[in-house]
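Bear in mind that the values here come from a model prediction, so they are computed numbers and not experimental data. Scope of the values below: all heavy atoms of this structure, side chains included, with no hydrogens, waters or symmetry mates. Here, residue 1 is the first one in the sequence, and each next residue gets the next number.
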Amino acid sequence: MLPTDPANQASPSAETGDADEDYYRRVHRWLSIILKSTIGIGAILLLVRGNYQAAMESLIIMYVTMLPISMARYFHIRIPFVFDTIAIVFIYMSLFLGEVHNFYARFWWWDLVLHASSGFLLGITGFVLVYALNQNRKINMHLSPLFIATFAFMFAQALGSIWEIFEFAMDQLFGLNMQKSGIVDTMWDMIVNAIAALAIALLGYGYMKTAEVDSFLERMIHRFIRENPKLFRKRRRQL
């Protein structure tokens, strides 16, 4: 009997990994459908009840949940389902539950949890963005791990500040109450956002220094690299 070529056999761990991948993709797909359907049904119910402003806000939120995939297709980038799931859940919790259904007023901790989540999400986005540029051989960038980690932190803080300015503008122009308790709410939002962004920056710095997959952030980075190999082609050595 001829020996079997190991290269033609799928290892049990690889098969298990593929099965897990398919399972999580199905979970993501159904979660996305359920959340978007909930927003759509909520918009219809609000419209029937005559709450036209909240109904319109719900429809806008449902459109916003589709933006990550639309932007990815426009820029020819494949967004891993983990990224998309996090974005959809965050939009659902912050805008649909928080603003439309007034969870910010019902639960005092809702605002802090959402701003911590936004700090993590923006930190990951900033880190992956500059990391991709640094690894792209078509772009002549040689950034240190410390700079990339600092950029991720500042990126999250900058967008967090822009959001606070947006809340202030909405309150002043349209008489809303997005800032809740004013300057106190704004400062706590900024502090929580900074703590979350700092955690991501430190994890990212550790990843670049050790290149070991032992945290959630590092697994997400590896997944993004695997989904977008063209962005991470190694530079050719200069002669």
Side-chain angles (χ1 to χ4, degrees), residues 27-28 30-47 49 51-68 81-127 152-153 155-203 216-217 220:
V27 171
H28 158 70
W30 281 108
L31 181 61
S32 176
I33 292 173
I34 291 172
L35 293 182
K36 291 176 182 178
S37 299
T38 302
I39 297 174
I41 294 172
I44 294 174
L45 293 176
L46 289 168
L47 189 63
R49 295 173 183 173
N51 195 341
Y52 302 113
Q53 179 179 350
M56 182 59 63
E57 290 175 353
S58 298
L59 293 175
I60 294 174
I61 292 168
M62 187 165 63
Y63 170 74
V64 171
T65 61
M66 301 176 183
L67 283 180
F81 61 88
V82 176
F83 284 71
D84 190 39
T85 300
I86 293 175
I88 292 174
V89 171
F90 177 78
I91 293 169
Y92 181 85
M93 293 177 65
S94 62
L95 298 181
F96 186 67
L97 294 181
E99 295 295 343
V100 176
H101 291 279
N102 204 26
F103 271 40
Y104 289 117
R106 294 183 184 181
F107 308 104
W108 65 267
W109 45 265
W110 191 262
D111 191 37
L112 295 179
V113 171
L114 266 296
H115 276 278
S117 302
S118 68
F120 280 114
L121 187 60
L122 293 174
I124 292 171
T125 302
F127 182 86
F153 173 79
F155 179 85
Q157 279 298 90
L159 292 186
S161 299
I162 291 174
W163 176 258
E164 295 301 327
I165 294 173
F166 170 76
E167 287 187 345
F168 175 78
M170 291 297 100
D171 289 352
Q172 294 298 313
L173 295 176
F174 301 104
L176 302 179
N177 187 30
M178 296 185 70
Q179 285 187 297
K180 307 303 182 290
S181 57
I183 187 64
V184 176
D185 176 79
T186 299
M187 291 310 301
W188 273 115
D189 290 347
M190 294 294 293
I191 291 171
V192 172
N193 187 83
I195 293 173
L198 180 62
I200 291 297
L202 293 175
L203 286 174
F216 176 69
L217 173 63
M220 292 185 69

Next on the checklist: Tell me whether M187 at atom CE has more than 12 heavy atoms from other residues, nucleotides or ligands lying less than 6.0 Å away.
Outcome noted: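 No.
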Side chain to side chain donor-acceptor pair (under 3.5 Å) with [X]: which residues, sequence neighbours excluded?
{"X": "T186", "result": "Q179"}
{"X": "T85", "result": "H28"}
{"X": "Q157", "result": "N193"}

Does a side-chain heavy-atom distance below 4.5 Å link [X] with [Y]?
{"X": "F96", "Y": "I91", "answer": "no"}
{"X": "V100", "Y": "L46", "answer": "yes"}
{"X": "L97", "Y": "W110", "answer": "yes"}
{"X": "L31", "Y": "I88", "answer": "no"}
{"X": "Y63", "Y": "L59", "answer": "no"}
{"X": "H115", "Y": "M190", "answer": "no"}
{"X": "S58", "Y": "M62", "answer": "no"}

Kindly compute the distance separating [atom1] ([X]) from [atom2] ([Y]), expressed to the nearest 0.5 Å.
{"X": "F120", "Y": "S118", "atom1": "CZ", "atom2": "OG", "answer": "10.0 Å"}
{"X": "E164", "Y": "D189", "atom1": "CD", "atom2": "CG", "answer": "4.5 Å"}
{"X": "L45", "Y": "T38", "atom1": "CG", "atom2": "OG1", "answer": "10.5 Å"}
{"X": "L159", "Y": "L122", "atom1": "CG", "atom2": "CG", "answer": "5.0 Å"}
{"X": "W188", "Y": "I183", "atom1": "CH2", "atom2": "CD1", "answer": "13.5 Å"}
{"X": "L112", "Y": "D185", "atom1": "CG", "atom2": "CG", "answer": "8.0 Å"}

Partners meeting ring-ring contact (aromatic ring centres under 6.0 Å, His included) with [X] (sequence neighbours left out):
{"X": "W30", "answer": "none"}
{"X": "F153", "answer": "none"}
{"X": "F107", "answer": "F103, W109"}

Item to check | Nearest heavy-atom neighbours spanning G123 and A156 | outcome: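 Looks like N-CB, 3.7 Å.
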Checklist entry - At their closest point, which heavy atom of A116 faces which heavy atom of A196, and how far apart are they? => result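 Nearest pair, atom of A116 first, then A196: O-CB, 3.2 Å.
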Item to check | Side-chain (Y104) to main-chain (S94) donor-acceptor, under 3.5 angstrom | outcome: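 Judged by distance alone, yes, a pair lies under 3.5 Å.
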